[in-house]
Amino acid sequence: YQRRVNGGWWNFILNFFGVGIFHTGVELYKSEYWYGGHGKISSGIMKTKPGLLGLPLEEKILVGYTLMSTDELHKEIEFLDELWIGSEYEPFSHNCNNFSKELIWRLCKSEYFPDYINRFAVMKAIFRIWSVSYTHLTLPTKSQVQ
């Protein structure tokens, strides 16, 4: 699992408050698997050599071990290709961090995924719920009260 910083000074400030924006990928068998959006109705899962993404690597965290062979891994990725379509990328609910967390679970049944990695997306969801609740709030008219 790898964490890469997206952005510059503004992400430094967000990270200071515990809500940075990060890109993650999963490194396994000398390859890095990650998810990204694009305009096509095809898989958004990418496989590269570790470190070739172009973002500065901030941290690597060992999250577990897998007993899967490379052939089993490729079959798992083929299955996930149908679920992680590039045109369905959504930065708050269907992003690289969600993909990394799911892949880690499928590979080694590890639930370890640092909460701070996707905290920005979770905060957006909270604000969205609050704004929906608030916008649907209606006050009774004077005639309804009487």
Passes salt bridge (Lys or Arg N to Asp or Glu O under 4.0 Å), Glu27 versus Lys60? Steps please. CA-CA 9 Å; Glu27 186 176 330; Lys60 281 189 180 186; 3.0 Å; yes
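- For the pair Tyr89/His94, no side-chain contact is recorded, criterion being any heavy-atom separation below 4.5 Å from C-beta on.
- Hydrophobic side-chain contacts under 4.5 Å tie Trp105 to no other Ile, Leu, Val, Met, Phe, Trp or Tyr residue.
- Atoms CE and CZ, from Met68 and Arg106 in turn, are 8.5 Å apart once rounded to the nearest 0.5 Å.
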Going by atom type alone, with no hydrogens or angles, which donor-acceptor pairs under 3.5 Å involve a side-chain atom of residues 77-88 and a protein atom two or more places apart or on another chain?
residue, atom, partner, partner atom, Å
Asp81, OD1, Ser43, OG, 2.7
Trp84, NE1, Glu102, OE1, 3.4
Ser87, OG, Lys40, O, 3.4

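- Applying the side chain to side chain contact (heavy atoms under 4.5 Å, CB included) criterion to Lys47, with sequence neighbours excluded, gives Ser31, Tyr33, His74.
- Considering only heavy atoms from C-beta on, Phe99 stays 4.5 Å or farther from Thr24 through its side chain.
- Between His38 and Gly44, the closest heavy-atom pair is NE2-CA, 3.8 Å.
- Atom CD1 of residue Ile45 and atom OH of residue Tyr35 lie 8.5 Å apart, to the nearest 0.5 angstrom.
- Cys108 and Gly64 make their closest contact through SG-CA, 4.1 Å (heavy atoms, listed as atom of the first residue, atom of the second, distance).
- Not counting sequence neighbours, the partners of Leu28 by the side chain to side chain contact (heavy atoms under 4.5 Å, CB included) test are Thr66, Leu73, Leu107.
- Within a 6.0 Å sphere centred on NZ of Lys109, heavy atoms belonging to other residues, nucleotides or ligands number more than 12.
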